[in-house]
Amino acid sequence: MTRRLLRGPRAIAAGGLLLLGAALLLHGTWIPVKAAVAQVLLERSWQAHLEGRVVKPWPWADTQPIARLIVPRLDVDMLVLNNASGRSLAFGPVWVDPSAPLGGYGNSVLSGHRDTHFEFLRHLREGDRIIVQTTEGMETFEVRSHWVFDQRDEYIVLSTLDRRLTLLTCYPFDSIVPGGDLRFAIEAVAVGAGDRSS
Amino acid sequence: MSRLIRVVVCALFLAGTGQAQNLDQVSSGELWIGGDEQWAIAPVLSQQVEMTISGIVITTKVRQRFINDSAQPVEAVYAFPLPDTAAVNGFRLRIGERVIVGEIREKQQAERIYSRAREEGRSASLMKQHRANLFTTRTANIPPGEHIDVEFQYLDTVSYSDGLFSLRYPLAVTPRFGISDSDVQLPGYQAAAPISLKATVFMPGKPDLIESRYHDVNIVPLGPAWEVTMESSDTQHDFELIWMPRLEHQPKAEVFTETVGDETFVLMMMMPPQPVASQALPRDVIFVIDTSGSMHGDSIEQATEALLDGLSRLRRGDRFNVIEFNSDAWALFPEPQPVNAHTRNEAETYISELLADGGTEMKVALDLALTQQGDSGQRLRQVIFITDGAVGNELELFQQIQADIGDARLFTVGIGGAPNDWFMRKAAQFGRGTTLRVGDVAETAEKLEGLFARLESPALKDLCVQWPAAAESYPQRIPDLYLAEPLVVVARLQNQVDDVEVCGKSLNTNFSQLLTMDKRMNHPGVATLWARRKIESLMDSLVEGADTARVQKDVTQLALDNHLVSRWTSFVAVDSQPLQLSNPKLLRSVPQTATPAALLMLAGAVVIGLALWMLLSVPGIRQKGRGGFRLPGEVDAS
């Protein structure tokens, strides 16, 4: 019986399927690995950026780290990229144009994959501190609220009176299929500068 | 670059001065404007105020005109004070010929509506309350080269003191200091907005006196009323109009009613009885004087004069002490001292050397005055607190006063161009005393004379109003009645009544008066004032430890029902037509942010599983024949 299996065209088809399955698995596994590896490669480019030099994270890179995002309680420390194409999202969370520049007034919006970099959003609680480092310096934000919305009928207000950070990702977190119109948002407000009583 | 305002430039404006502030931290009477990432273009603001006074109800209509002389649509934020007893109950936006009526909404909902309108390029305006006496209007998308009028209306009652009626419209501003921001001068555009004001006072006959305290006005008779007009850009003083009706017509108490549906709202204003020869009790008088930086200049001069005046009015048998506070507090004597030439001298020297500098740590001063002055025994303890009230932690201070007041009475004396009236009045209320506002150096002595005379006179105590059953009246605890100061009580009655009895006790006699209600006269506004007082009473209950969620729910409902701006409700008006602009850039869609990793792995696992199943279950398929699962190429194989 085994011999027959190894020979027939049916066996060839099954072997092909095995190979396809392995390739799919590998591809699926590669995505989170790439997400993690990219952050390591970005680190060198970020250090150069802080010193005012431009160093590409990898030779064919079309994106640049522009800020560092730190959540002390969750041990999150990652680099934020400047280009919100689907490609950059594979390597890190991105700053969304035309939101307020990081470190400036208004609402700065960052977006990241719900199953890699921004998976931690589900663990953020009100009151958590988020630190954003740019070439301008460090700024601390405090998480005020989170909500889920349908991106077809709501949009994010960019002109706010304060310095604000909105972190966006897809929702629900555990959905197998990518896509869909639900988004999960974290809203954080700058504390520290201008808030002398705290 | 976005054609819309991407950042509200108030923030940028302040950033330019090196101070990051939000609206809670700024002083009143300030105008900020924004444009497309430029804040330097200042739209002109002008104000038009129309007041109508009938009986004791004032209806005020304010029109703020924002002019945008730039080429960009801009947003303007205007923060301004209103009398802290005001009930804002009307709001609209006028763009050219179009009028957009504002709607009262739960505060956050109103903000969302406003933000969205702004993003969509529609003209919109939002009016909300920041503190009890600080309101803001925010107006988005003022068209380039155009103007927008923001109009609102509020109700208030006239004040009556020492035989004079008076009303105020706040024009002056004062910076507020929080606990740790004591010596920071807040930046900002001091609104030197040209203002034109018209007040129509309905009053039978010619008044003995009608005048404006600080501004030049025109007064002409107009039928049964007097019309007062003023044009000015003086923001040194608030506008204050005083008038004295002919004394022979002056009643002791008046009632005003308004019927809404089957409910009757009643406003009772009770004038104090004529002064009687005073049988003064010996007193312990604790003078507390604010010497913080905000008191610098005229204010400290006024305050010193007030202190010296108060000192001179003390009598043999009284005891006194003087406490000074800024960043800390110091007492002249460790305990109140008897009045004699020696202590008087010492105090006068001390007072004349006071300097205004440093922060406003009122808490320490109150503690020193209320809990560390020994025992007064049979004496009447009166704490006279002289300050501009430029503090940011009012609630905390009210709690402290409520907890520590004991048998003492707290009297607040508001000094300076724009003292924090709300703080003054509430502090006195929690301290079971009264408040006095001194607006100008020249009148300090005269006004204080009145206060001290009042303090020396016996008060009418244990006041009661015999409302019929099912009446809901405010204030719930009726305070003592001091001479030359009226008492206002508002009530909602479920059923019709003809008269109400008022009673009380003076030092040695009982007082009582029967008030008859005239239902033929409907006084619009009484119901609104009742709602406003009820909201105030609910807000006060927070200081006494009421459940915030419950108070919020009650206040929100009451405010929505009565179209009132409150801490939890705002007015919002949105134009239905967007401005004709090139496409505004909006964050309308957000990127897709999920990887196919899980899906790929799942598919991989399924495909491998399928392959394995094929390999292991071939015989099964064979036995079942060709009706089963078949792969391409399988036909050839068989």
Side-chain angles (χ1 to χ4, degrees), chain A residues 1 4-5 8-11 13-15 17-18 20-29 31-32 35 84 86 89-90 94 96 98-100 104-106 109 111-116 118 151 155-163 168-170 175-180 183 193-197, chain B residues 2 4-12 14-15 19-23 25 34 75 77 112 115-116 118-119 140 178-181 184 585-612 614-615 618-619 631-634 636-637:
Chain A
M1 192 167 110
R4 259 181 81 192
L5 278 175
R10 191 187 310 272
L17 278 179
L18 259 182
L20 176 66
L24 286 171
L25 261 184
L26 196 66
H27 189 182
T29 323
I31 289 170
L89 276 168
V94 296
V96 181
S99 73
Y105 278 89
V109 180
S111 163
H113 279 318
R114 63 163 158 78
D115 46 0
T116 59
F118 268 10
Q151 66 120 359
Y155 34 88
I156 306 288
V157 175
L158 299 177
S159 14
T160 57
L161 275 171
D162 46 10
R163 294 165 184 253
L168 288 180
T169 195
C170 280
S175 170
I176 293 291
V177 186
R183 296 289 183 275
D195 189 359
R196 293 161 56 106
S197 58
Chain B
S2 160
L4 272 191
I5 311 123
R6 277 175 42 186
V7 174
V8 170
V9 175
C10 140
L12 283 181
L14 293 164
Q19 287 278 334
Q21 301 279 355
N22 61 42
L23 273 178
Q25 292 168 305
E75 175 169 24
V77 179
R112 278 198 298 273
S115 301
R116 177 163 298 191
R118 178 179 56 195
E119 293 292 314
I179 292 169
S180 57
D181 276 353
V184 182
K585 234 195 251 170
L586 297 172
L587 189 53
R588 278 189 186 281
S589 70
V590 291
Q592 180 60 52
T593 52
T595 67
L599 188 64
L600 287 171
M601 285 194 264
L602 184 72
V606 167
V607 170
I608 289 175
L610 181 64
L612 290 177
M614 277 178 64
L615 290 172
V618 169
L631 282 166
E634 194 179 2
D636 296 337

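Residue numbers start from 1 in every chain, and the chains themselves are labelled A, B, ... in the order their sequence lines are given, proteins ahead of strands.
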What part of Leu599(B) lies closer than 4.5 angstrom to a heavy atom of chain A: side chain, backbone, both or neither? both

Residue from Ser175(A), Gly15(A), Gly21(A), Gly180(A) scoring the most non-hydrogen pairs under 4.5 Å with chain B is Gly21(A)

Tightest non-hydrogen contact, residues Cys170(A) and Arg183(A), listed as SG-NH1, 3.6 Å

Kindly say whether Gly112(A) contributes a backbone atom to a donor-acceptor pair with the side chain of Thr169(A) at under 3.5 angstrom? yes

Who among Ala605(B), Pro596(B), Ala603(B), Gly604(B) has the most heavy-atom pairs with chain A under 4.5 Å? Gly604(B)

Is any side-chain heavy atom of Val607(B) closer than 4.5 Å to one of Leu24(A)? yes

For Thr595(B), all residues meeting side chain to side chain donor-acceptor pair (under 3.5 Å), sequence neighbours excluded: Asp115(A)

